Amino acid sequence: MITSADLGDGTYRNPVLNADWSDPDVLRVGDDFYLTASSFGRAPGLPLLHSRDLVNWTLVGHALERLWPAAEFTVPRHDCGVWAPSLRYHDDRFWIFWGDPDHGIFQVNAPAVRGPWTSPHLVKEGKGLIDACPLWDEETGEAYLVHAWAKSRSGVKNRLTGHRMHPEGTGLLDEGKVIVDGDRIPGWFTLEGPKLYRHDGWFWILAPAGGVDTGWQGAFRSRDFFGPYEERIVLEQGDTDVNGPHQGGWVRTSAGEDWFLHFQQRGPYGRVVHLQPMSWGADSADGWPVMGDAGAPVAVHRKPDLPVQSPAAPATDDDFPGGRYGRQWQWTANPHDGWATQHSGDGLRLSCVRSADAHDLRKLPNILTQRLPGIACEVEVDLRLDSEEPGARAGLALLGDSFGWIGLERAHDGTVRLVHRFAESVAERERDAGRPRVAPEGRARLRIAIGAGARCRFSYDLGAGDGWESSGPVFAATPWRWVGALLGLFALAPADGGHAGAATFTQFRVSSL
């Protein structure tokens with residue numbers, strides 16, 4: 001179990017979400033706060049988190065059951081899919097807009113945050129359309145949309161395009177216009193991630209630039225939606241250790257306090273989420289927002305002036321009651337029926353899915369994953385291999401551009417063996433990282449200890465009274481292109497043939513070190 005960022009004395013420590021909740025956006029409805037984040041190529045997508053104090057968060061569901069277009073996500077596409085969503089509330093409905101860089105801008109909506117959510121609706125078709133954000137202007141009744149561009153698909157970046165939008169959110173009413181051109185602003189590059197607001201008679205766009213590792217958070221304002229806009233840097237690293245404070249959302253509490261949630265890129269841990277105090281008032285006589293401590297990120301700060309909430313963080317542990325897995329788990333592609341089967345007891349029962357890619361976990365859609373915590377921790381799970389198929393295997397993985405896993409495999413002589421394998425980022429197939437051992441009972445307790453810098457040590461306990469034994473050298477976790485490393489559970493078998501049996505996982509635990 002991962003602990004809350006709440007220090008229990010009226011203060012909190014950043015990050016408030018210490019895992020890969022990439023490209024966050026935040027919303028208040030009444031006394032409740034909601035947050036969504038990028039989910040890229042994992043399903044279900046569009047996670048939905050809830051809080052009453054902006055510090056303690058729980059995961060309450062997902063808005064996107066399957067990635068869309070569904071046929072294109074039958075295999076892993078780790079850096080595609082859902083990029084940088086925006087969460088809004090309008091006309092008594094929740095709305096989420098996002099850009100898929102290969103298809104265009106989509107939206108879903110629902111009467112309640114737990115759904116039911118509509119099927120994805122394509123608002124604007126095209127390549128390279130990302131980071132979409134709508135605005136319903138209560139003063140004029142008009143609706144707008146702003147988005148950024150991915151150069152990898154369109155050949156264009158560093159600019160923001162604006163449209164008038166149909167009030168129903170179903171489509172756009174014009175061809176669009178570049179409303180902010182980062183190439184015309186000295187020193188600005190990779191302008192992206194816009195969030196659109198109306199405040200104090202101005203149109204505001206909060207948008208980062210400079211790249212996720214070393215960039216800054218900018219603000220733009222204009223009296224007219226289509227510009228011209230003036231700009232200012234409102235949050236940057238300064239002399240803190242928060243590199244590239246980047247891309248997030250503004251929210252105002254019922255007490256009138258302003259806060260800004262944004263991400264920080266942390267390599268294999270992905271994009272962790274920070275909470276910054278924000279003001280439009282006495283600290284900013286000219287009307288520009290001031291974030292953090294005079295524009296630099298805070299490490300520890302008083303909590304928002306909101307009712308006390310019990311310490312909370314998104315779940316990690318799982319006993320898999322009835323074979324069901326918790327909300328924190330996502331597949332590496334759209335799932336198929338039969339990958340996980342429900343039953344009367346506890347434990348996750350995964351079918352040994354046959355695949356010609358059994359030698360490379362990065363290519364498999366049937367890996368059940370969750371985010372790697374951003375702290376030193378130990379991950380443990382019990383595994384029993386219930387397959388007589390030679391080559392069938394199951395295990396606990398640390399998955400990224402390179403990967404490592406430890407688990408059980410049915411050998412051709414009929415024995416079950418403890419195996420430990422890995423593959424570097426440039427390798428096309430896995431190889432042994434440790435010496436195989438016979439597992440007489442066909443079961444094992446597996447562990448990955450994750451230390452500083454996401455350096456991982458694998459170990460196992462075969463239940464023979466020998467206790468924990470280490471396996472292989474230290475493995476350094478790596479991210480994918482936009483995604484932090486993932487913890488994963490899997491079961492698979494070589495291609496060809498019929499049903500290949502299953503594996504059962506029990507007592508999945510994550511504990512801080």
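All of these numbers come straight from a predicted model, not from anything done at the bench. Counting begins at 1 with the first residue of the sequence.
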Is the closest side-chain heavy-atom distance between [X] and [Y] below 4.5 Å?
{"X": "D6", "Y": "Q309", "answer": "no"}
{"X": "I185", "Y": "V180", "answer": "yes"}
{"X": "H78", "Y": "R481", "answer": "no"}
{"X": "H90", "Y": "P134", "answer": "no"}
{"X": "Y269", "Y": "N18", "answer": "no"}
{"X": "D25", "Y": "L261", "answer": "no"}
{"X": "H262", "Y": "Q276", "answer": "yes"}
{"X": "I367", "Y": "L399", "answer": "yes"}

Exercise for review: Mind running salt bridge (Lys or Arg N to Asp or Glu O under 4.0 Å) on R198 and E138 for me, showing each step along the way?
Suggested key: CA-CA 9 Å; R198 201 82 156 93; E138 295 181 0; over 6 Å; no

Residues [X] and [Y] bridged, charged N to O under 4.0 Å:
{"X": "R266", "Y": "D213", "result": "no"}
{"X": "R252", "Y": "E257", "result": "no"}
{"X": "R362", "Y": "D360", "result": "yes"}
{"X": "E192", "Y": "K157", "result": "no"}

Review point. Is atom CZ of R114 surrounded by more than 12 heavy atoms (other residues, nucleotides or ligands) closer than 6.0 Å?
Key: no

Point to revise | Residue Q237 excluded, over 12 heavy atoms near CD under 6.0 Å | key: yes

**Study point:** Chi angles and distances behind the side chain to side chain contact (heavy atoms under 4.5 Å, CB included) call for R77, D102
**Key:** CA-CA 11 Å; R77 302 181 68 205; D102 298 304; 3.3 Å; yes

For a quick test of reading the model, state the closest non-hydrogen atom pair linking [X] to [Y] and the distance between them.
{"X": "F40", "Y": "L67", "answer": "O-CD2, 3.7 Å"}
{"X": "Y229", "Y": "F225", "answer": "OH-O, 2.6 Å"}
{"X": "S154", "Y": "W149", "answer": "OG-CE3, 3.7 Å"}
{"X": "C80", "Y": "F73", "answer": "CB-CE2, 4.2 Å"}
{"X": "A37", "Y": "W21", "answer": "CB-C, 3.8 Å"}
{"X": "P24", "Y": "L35", "answer": "CB-CD1, 4.1 Å"}

Review point. How far apart are the C-alpha atoms of F490 and L361, what are their side-chain angles, what is the distance that settles it, and do they pass the side chain to side chain contact (heavy atoms under 4.5 Å, CB included) test?
Key: CA-CA 9 Å; F490 69 92; L361 299 186; 3.9 Å; yes

Is a donor on one side and an acceptor on the other found under 3.5 Å between the side chain of [X] and the backbone of [Y]?
{"X": "T478", "Y": "S402", "answer": "yes"}
{"X": "T332", "Y": "P365", "answer": "yes"}
{"X": "Q217", "Y": "P245", "answer": "no"}
{"X": "T36", "Y": "P47", "answer": "yes"}
{"X": "D258", "Y": "S279", "answer": "no"}
{"X": "R159", "Y": "A148", "answer": "no"}
{"X": "W480", "Y": "G400", "answer": "yes"}
{"X": "T240", "Y": "V242", "answer": "yes"}
{"X": "W280", "Y": "G287", "answer": "no"}
{"X": "D131", "Y": "P194", "answer": "no"}

Is it true that the side chains of [X] and [Y] contain a donor and an acceptor less than 3.5 Å apart?
{"X": "N243", "Y": "Q265", "result": "no"}
{"X": "S4", "Y": "N56", "result": "yes"}
{"X": "H163", "Y": "K177", "result": "no"}
{"X": "S22", "Y": "D20", "result": "no"}

Are [X] and [Y] an aromatic pair by the rule of ring centers under 6.0 Å?
{"X": "H199", "Y": "W250", "result": "yes"}
{"X": "F94", "Y": "Y34", "result": "yes"}
{"X": "Y89", "Y": "W136", "result": "no"}

Review point. Do you know which of W204, W188, F203 makes ring pair (Phe, Tyr, Trp, His ring centres under 6.0 Å) with F220?
Key: W188

Check your understanding: How are the rings of H301 and Y12 set relative to one another: parallel (under 30°), tilted (30 to 60°) or perpendicular (over 60°)?
Key -> tilted

Practice item. Kindly assign one of parallel, tilted or perpendicular to the pair W329 and F320, based on the angle between their ring planes and the thresholds 30° and 60°. Key: tilted

Check your understanding: Looking at W202, is R221 sitting on its ring face, NZ or CZ under 6.0 Å from the six-membered ring centre and within 45 degrees of the normal?
Key -> yes

Exercise for review: Test N366 against H336 for side chain to side chain donor-acceptor pair (under 3.5 Å), laying out the working first.
Suggested key: CA-CA 8 Å; N366 59 300; H336 289 194; over 6 Å; no

Study note, to complete from the structure: Given the options R302, K303, R28, D53 meets salt bridge (charged side-chain N to carboxylate O under 4.0 Å, His left out) only with K303

Point to revise | Check against side chain to side chain donor-acceptor pair (under 3.5 Å), K127 and H103 | key: CA-CA 6 Å; K127 295 279 189 179; H103 298 98; over 6 Å; no

Practice item. Could you walk me through whether L348 and D318 pass the side chain to side chain contact (heavy atoms under 4.5 Å, CB included) test, one step at a time? Key: CA-CA 9 Å; L348 175 68; D318 208 340; over 6 Å; no

**Study point:** Working for ring-ring contact (aromatic ring centres under 6.0 Å, His included), residues F106 and W98
**Key:** CA-CA 6 Å; F106 292 90; W98 75 93; 5.6 Å; yes

Review point. Can you tell me how far CG of L368 sits from CH2 of W339, rounded to the nearest 0.5 angstrom?
Key: 10.0 Å

Check your understanding: CG of L191 to CG of D181: how many Å apart, nearest 0.5 Å?
Key -> 9.0 Å

Exercise for review: Any chance you could lay out the side chain to side chain donor-acceptor pair (under 3.5 Å) test for H121 and Q107, step after step, and finish with the verdict?
Suggested key: CA-CA 5 Å; H121 175 78; Q107 60 94 343; 5.1 Å; no

Review point. After noting the C-alpha distance and the side-chain angles of D224 and S222, does the key distance pass the side chain to side chain donor-acceptor pair (under 3.5 Å) rule?
Key: CA-CA 5 Å; D224 182 85; S222 174; 5.6 Å; no

Point to revise | Test side chain to side chain contact (heavy atoms under 4.5 Å, CB included) applied to H62 and S39, step by step | key: CA-CA 10 Å; H62 291 81; S39 49; over 6 Å; no

